[in-house]
Amino acid sequence: MELDELRRRVHVPCRQSMEEAKRRWSKIAIPLGSLGKLEDVVIRIAGIQRNANIAIAKPVVCPMCADNGIVAQGVTQTGSKVTGIVAESMAKKESSVCIMARGIGADVVPVDIGIDHEISVPGLVNKKIMQGTHDMTKGPAMSRQEAVSAICAGIEMTEEFKKQGYNIVITGEMGIGNTTTSSAVAAVLLSKEVKEVTGRGAGLSDEGLERKIAAIQTAIERNCPNPSDAIDVLSKVGGLDIAGMTGLYIGGAIYDLPVVIDGFISSVSALIAKLLVPESYFYMLPSHVSAEPAGKMMLEQLNLEPLIMCGMRLGEGTGGVAAVSLMQMGAAVYSSMNKFEDINIEPYVPQGES
C-alpha cells in the first residue's frame with residue numbers, strides 16, 4: 001500500500017451538493033437551524049455522496065473482530081475465547097448490535113481480521129491477517145506489513161459494500177483487550193500520560209486497572225513507537241481490529257461512502273486514518289462520546305462533536321447504530337417535509353446570530 005496512491009484515489013466532497021442541501025433546509029417549513037446537528041450531518045452526507053438527494057436507508061455495520069496478545073498480561077476480566085463467541089453471535093444475527101441494527105434496517109457484516117483460532121460460520125467474512133497479535137509488552141504487536149495488510153482489508157470491505165449498494169457504513173469492533181491497545185495508541189498519538197487515557201474497559205477492578213496501565217507503559221517503553229508515523233504506532237502497540245477500521249475510513253473517502261465512528265476504539269482508528277490520508281476526515285461522521293476516559297479526547301482531536309451522549313461503551317457498532325437512527329429521522333424531514341411555499345407560510349429569515 002502506497003499512501004500517495006491512496007491519496008490520489010480519494011475524492012474531495014462535493015461543495016455544490018452541500019450548498020444545495022443547505023438551501024433546501026432553509027426552505028423546509030421549520031425554524032432555521034432548528035434540527036441542529038441533524039441538519040449539519042445531512043449537509044455533510046450530501047457532499048460525501050455528491051448528491052443533494054441523500055440516501056442512508058441501507059446502512060451496514062462492519063465489526064472488525066480480532067484478538068490481542070496483551071490479554072496474557074491480565075488486563076481484561078474475560079479471556080480471549082469471548083472474541084470468537086461474540087463474532088459467531090454476530091454472524092448468526094444474535095448479538096447486541098444485530099438486535100439494534102434491525103431497528104434501522106441495517107445489515108451486520110462481521111469480519112474475522114485476527115481472531116486467535118479458526119472459525120467457520122456462515123456470515124463471518126474471513127479476512128484473517130494472523131491469529132491474534134503478539135503480546136506487545138514483549139515486542140511489537142504485529143509487523144508493519146501485517147498492519148498495512150489489515151488496513152487494506154478494511155478498504156476492500158468498503159469497496160464491496162459500495163458494490164452491494166450500501167450507502168452508509170458504521171464501524172464496529174469485537175476483541176477482548178482492545179481498550180488496552182486503543183489506550184496505548186491514544187497515549188502515543190495524543191502525547192498523554194497512560195493513566196490519563198486508560199479506563200476500566202469491561203469493568204476492571206482497581207487492581208486490574210493498575211495492571212492494564214503498567215502493561216501499556218511497558219509496551220510503549222519497550223517498542224518506542226514513533227508518534228509521527230501512525231503505522232509504526234499501530235503495528236507496535238495497536239490491534240488488527242483498529243487497523244481494519246482504519247481501512248474502512250480510508251475506503252469511504254475512495255468510494256464516496258459516509259463512515260460512522262462508533263466509540264473510543266473506532267475513534268482511534270479514525271485518527272490514524274486522518275493522519276495517513278487527511279482527506280478521509282471529511283467522510284467521517286461522529287456518533288457518540290464513549291464513557292472511556294479518552295473518548296472525549298479523541299473526538300476533540302478529530303474536531304468532531306458527537307450527536308448523542310448517553311454513556312455507552314459496549315462497542316460492536318452499537319453507538320453508531322443509535323446515531324444513524326437519528327440521522328435517518330433528520331433525512332426523513334429533509335426529504336419529505338413540506339416547504340414554506342407549499343403551505344403558504346412566510347419563510348423564516350436569518351435575524352442576527354443563531
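- Using a 4.0 Å cut-off between a side-chain N of Lys or Arg and a carboxylate O of Asp or Glu, Glu305 and Lys37 qualify as a salt bridge.
- Contact annotation: the side chain of Ile104 approaches that of Pro59 to within less than 4.5 Å [non-hydrogen atoms, C-beta and beyond].
- At most 12 non-hydrogen atoms from other residues, nucleotides or ligands lie less than 6.0 angstrom from OH of Tyr348.
- Judged by the 6.0 Å distance and 45° axis criteria, Arg44 is positioned over the aromatic ring of Tyr281.
- For NZ of Lys27, the number of neighbouring non-hydrogen atoms (other residues, nucleotides, ligands) closer than 6.0 Å is 12 at most.
- Lys296 NZ: 12 or fewer foreign heavy atoms inside a 6.0 Å radius.
- The side chain to side chain donor-acceptor pair (under 3.5 Å) test applied to Ser336 returns no partner, not counting sequence neighbours.
- Contact annotation: the side chain of Val125 never approaches that of Pro110 to less than 4.5 Å [non-hydrogen atoms, C-beta and beyond].
- Between Lys162 and Asp256 there is no salt bridge, since no side-chain N of the basic residue sits under 4.0 Å from a carboxylate O of the acidic one.
- A donor atom on one side chain and an acceptor atom on the other are found under 3.5 Å apart for Asp135 and Gln73.
- Residues Leu32 and Ser26 are in side-chain contact: their nearest non-hydrogen atoms beyond the backbone lie under 4.5 Å apart.
- Ring orientation note: the planes of Phe161 and Tyr166 are nearly perpendicular, at an angle over 60° on the 30°/60° scale.
- Closest heavy-atom contact between Glu146 and Leu240: O-CD2, 4.4 Å.
- Side-chain contact between Val197 and Glu292 is absent, with no heavy-atom pair separated by less than 4.5 Å.
- Within 6.0 Å of atom CD in Gln16, 12 or fewer heavy atoms from other residues, nucleotides or ligands are found, so the atom counts as exposed in its surroundings.
- In this structure, Glu39 contributes its side chain and Leu35 its backbone to a donor-acceptor pair below 3.5 Å.
- In Glu193, the CD atom is not crowded: 12 or fewer heavy atoms of neighbouring residues, nucleotides or ligands sit closer than 6.0 Å.
- Considering Ile220, Ile70, Thr218 in turn, Ile70 is the only one that fulfils the side-chain contact (heavy atoms from CB on, under 4.5 Å) rule with Met136.
- Defined by atom type and a distance below 3.5 Å, a donor-acceptor pair is present between the side-chain atoms of Glu173 and Asn178.
- Rounding to the nearest 0.5 Å places OG of Ser183 at 4.5 Å from CD1 of Ile216.
- The side-chain contact (heavy atoms from CB on, under 4.5 Å) test with Ile119 singles out one residue from Thr83, Leu124, Ile85, and that residue is Leu124.
- Comment: Glu279 does not engage Arg7 in a salt bridge, judged by the lack of any side-chain N to carboxylate O separation of less than 4.0 angstrom.
- A donor-acceptor pair under 3.5 Å links the side-chain atoms of Asp112 to the main chain of Gly114, judged by distance alone.
- Salt bridge status for Lys236 with Asp229: absent, with no side-chain N to carboxylate O gap under 4.0 Å.
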